[in-house]
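First up is the structure itself, then whatever we jot down about it.
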Amino acid sequence: MRDPLRPPMIHPTPRLRFAPSPTGPLHLGGARTAMYNWAAARAMGGTFLLRIEDTDQARSTDVSLQSILAGLRWLGIDWDEGPDKGGAYGPYFQMQRLAMYRATADRLLASGHAYLCYCTSEEIEAGRKQMEAQKVGFTGYNRRCRTLTAEQRTAFEREGRKPNVRYRMPDARVLQVHDLILGDVEVNTRDFDDWVMLRPDGVPLYNFACVVDDIGMQITHVVRGNEHFQNGIKQRLLFEALGAECPLYAHIPLILNKDGKKLSKRDADTNMLDYRDKGFPAEGVFNYIALLGWSFSGDRDVFSRDEMVAAFKIEGIGKSPSKFDDEKLRWMCGEYVRGWTPASLVDRARPWLAAPATQAQFSPQAARLHTLAAAGLELPAVPAHTFQFQAAWLQNVLACYQERIAILSELPGKLPWLFQAAPTMDAAAQKNLAKEPAAKEWLRALADVLAAGIAPPSYRPWLLEQDKSDVRKGADAAVVLPTKKDTAEPVCAFDTPARIEAQCRALVDRLGIKFGSFVHPVRAALTGTDKGPGLFDVVFLLGKETCVDRLRAIGNAP
RNA sequence: GUCCCGGUCGUCUAGUCCGGCCUAGGACCUCAGAUUUUCAUUCUGGUAACACGGGUUCGAAUCCCGUCCGGGAUACCA
């Protein structure tokens, strides 16, 4: 027996694979498995390939396959060989490799490692029931066909029975196996079944196809979910029977939900594309998933793909299952959103902002968004001309929300006050307006101050609904403002937030009131809520006419 | 039932292999404070864990045994 820690001589450079079965979309666990294989391959300068295990013909679909590939691409996990890329070790679909399985099964049959089994599923089930009744512990196939004579076989054949090919499990053999994550584990072959390798129709079962392909594709390291540990034992035996060196195995712990149960559809989005379509930053999701069972360092959680690759070691993956925590995922996403330039925020937010009619031109995700809208998500309503003619203004708007969102779909619900003729007043706003008896007087006073000042001209999308003659009306006057508070404001023909603040402070002094009590009703009148960007940013964004109108409308109301 | 694996703050984890630097570190959450025109951001500080019981040892989160709890496997799914 060779040293279990010595790198296999299967191939001069490491070759790792992600082998999904296209029976559903890419989910969290699969994404992580793919990621770890990918990272390990990249870290070792090896090859990462995709193999499609489509032998479950009843459940495999092309839709699922496409969804899996799209999910991987979205996460930035790329492969060197695979279904759409080809490669020297193809084909990469198991259903296209049937001849290899048949040939290998024949070899195993000839060498006595496998035998033909003519049992029907009813007979197998009856045998299992019987074993259970005997309470022997181990239950499984009763191995009736292990010792069939030639006469018995021909008799079955004459009955029209078609045989499965079964692996002949060695009797009570103790195996010491080494797992890169679990370490040394001892198992006994008597606890394993004589499992089916090949169906009568020539379609292989998982453990068999997996080994034939891992040999054929010269896989050196297998990183996969812990539910495959026992399969690994069966597979090692098969490698041995075929005289092939087996790869290094790493069985990673499962991801559980908050209750410690296996993650299911109800717990979180199991489809990676849902994260994409809801506006989770891919980098954030990638980063978070990487942390489920692996740590970059003792004191850092935020890292790039490249940094992960530079630091990744299979042996560094933890042994215990982790629970999925969507609060930390959200925080992680916020970290990335805040790190973007405002220009790139506009770019990324576009599909979530565009009015339904114009979404299609921005993103193929549009159709998906309508589904989300139907599911109750607030619909975005930024008209197309905003993107076209008010780019700088829009960028300023988004910059104001950059540190207030973590997921792009949170954006549209925060912006209506900028696009409606009059903001809808929420309860908090109404309260703030009613609190100070003199508030309406202040609003009128501020309206007069702004009317006399040179705040930027207002961009009023609601007016353009009626009059489309000049969509540039309400010019895109606003220069792009710096986002850092301590940076000097650029030269601007209009009043900047800083100058608006100075005017407000002067007014507050003149009125002889407290600044704080002044701000709240003003914010309410302007935005209809008690949350959002700084008040002077609000004025700057809304522009002179809109502010004056809104302040007077409420200031003069009875 | 049987076999295998796991068990450090509520959560993700560092430390475990090569026992002492661990009066157990970081992050999320939470709480308090600071900044501030709200919210958010940012900053400071706090609460909070070695599953339990036995060993071995001068000394154990780290090694050994047992218990308990959790998970996986036990398919003509993967």
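Chain identifiers are assigned alphabetically (A, B, ...) following the order of the sequence lines, protein sequences preceding nucleic acid strands; residue numbering begins at 1 within each chain.
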*Which heavy atom of A:L116 sits nearest a heavy atom of A:L109, and at what distance?*
CD2-CD2, 4.0 Å

How would you label the contact of [X] with the nucleic acid (heavy atoms, under 4.0 Å): base, sugar-phosphate, or nothing?
X      : result
A:G516 : nothing
A:P253 : nothing
A:E335 : sugar-phosphate
A:G334 : nothing
A:R51  : nothing
A:R330 : nothing

Whole-Å distance between [N] [atom2] and [X] [atom1]?
X      : N     : atom1 : atom2 : result
A:L535 : B:A40 : CG    : C1'   : 16 Å
A:M169 : B:C3  : CE    : C1'   : 12 Å
A:R523 : B:C39 : CZ    : P     : 9 Å
A:L411 : B:A40 : CG    : C1'   : 13 Å
A:E123 : B:A75 : CD    : P     : 17 Å
A:E186 : B:C4  : CD    : P     : 9 Å
A:I317 : B:G6  : CD1   : P     : 15 Å
A:M95  : B:C77 : CE    : P     : 12 Å

Below the 4.0 Å mark, does [N] have OP1 or OP2 next to a side-chain nitrogen or oxygen of [X]?
X      : N     : result
A:T55  : B:C77 : no
A:R338 : B:A40 : no
A:S322 : B:U13 : yes

Partner of [N] by Watson-Crick or G-U wobble geometry, both contacts under 3.5 Å, or none?
N     : value
B:G1  : B:U74
B:G19 : none
B:A51 : B:U67

So do [Y] and [X] actually touch side chain to side chain, heavy atoms under 4.5 Å?
X      : Y      : value
A:Y141 : A:C119 : yes
A:R330 : A:I407 : yes
A:P204 : A:V212 : no

*Can you check each nucleotide of nucleotides 62-74 of chain B against protein heavy atoms at under 4.0 Å and return B for base, S for sugar-phosphate only, - for none, in 5' to 3' order?*
---------SBSS

*Sugar-phosphate means primed atoms, P, OP1 and OP2; the rest is base. With that split, encode nucleotides 22-32 of chain B 5' to 3' as B, S or - using protein heavy atoms under 4.0 Å.*
---BBBSS---

Determine, using ring centers only, whether [Y] and [X] are less than 6.0 Å apart.
X      : Y      : answer
A:F280 : A:Y336 : no
A:W294 : A:F312 : yes
A:H228 : A:Y249 : no

*Cationic tip of A:R505 within the cone over A:F515's six-membered ring, i.e. under 6.0 Å and within 45° of the normal?*
yes

For [N] versus [M], give the span between their [atom1] atoms, rounded off to a whole number of Å.
N     : M     : atom1 : answer
B:G10 : B:U56 : C1'   : 35 Å
B:A78 : B:C12 : P     : 31 Å
B:A32 : B:A73 : C1'   : 49 Å
B:U8  : B:A27 : C1'   : 15 Å

Looking at [options], which one has an atom nearest to any side-chain atom of [X]?
X      : options            : value
A:V185 : B:C12, B:C4, B:U37 : B:C4
A:L292 : B:C77, B:C12, B:C5 : B:C12
A:N164 : B:C5, B:G7, B:C76  : B:C76

_I want to confirm an ordering. Mapping A:K323 and A:Y141 to their closest nucleotides on RNA chain B, which one lands closer to the 5' end?_
A:K323

*Look at the rings of A:F229 and A:H251 and say which category their plane angle falls in: under 30° parallel, 30 to 60° tilted, over 60° perpendicular.*
perpendicular

*Hey, what's the ring geometry for A:H113 with A:Y167, parallel, tilted or perpendicular (30° and 60° as the breaks)?*
parallel

